[in-house]
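Notes to accompany the following structure.
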Amino acid sequence: MGSTITVRRIRPDDKAWLRREARRAGISMEEFVRRLIRKRREESPTRPKPSEAFKLHFGPEHGVELPPRESYGYRPVRFRDGE
């Protein structure tokens, strides 16, 4: 189930535009707003991950030698037979 938001004090001309555009698209005002939000979110630039930002400024193509990537993840516990 999704979240619910309420937007108050929308100017009448903005509401009329919203209703008109939704009707023109053949969808509800609610769906029209969802699509506007989704489109805007997809168009907005995302912040790069720290590793991506690092690669933009360092690395062999920028004259910096980087160490090989290592994994420091979880290692499962192993028990000897009979214990």
Same apolar cluster: L18 and I5, side chain cutoff 4.5 Å: no
For residues 35-48, dump all side-chain donor-acceptor pairs below 3.5 Å to protein atoms at least two apart in sequence or in another chain.
unit_1	atom_1	unit_2	atom_2	d
R35	NE	E31	OE2	3.0
S44	OG	R41	O	2.9

Would you list the pairs meeting ring pair (Phe, Tyr, Trp, His ring centres under 6.0 Å) in which at least one residue belongs to residues 24-47, sequence neighbours left out? W17-F32
For R20, all residues meeting side-chain hydrogen bond (donor to acceptor under 3.5 Å, both in side chains), sequence neighbours excluded: none
Spacing of M29 atom CE and R23 atom CZ [to the nearest 0.5 Å]: 9.5 Å
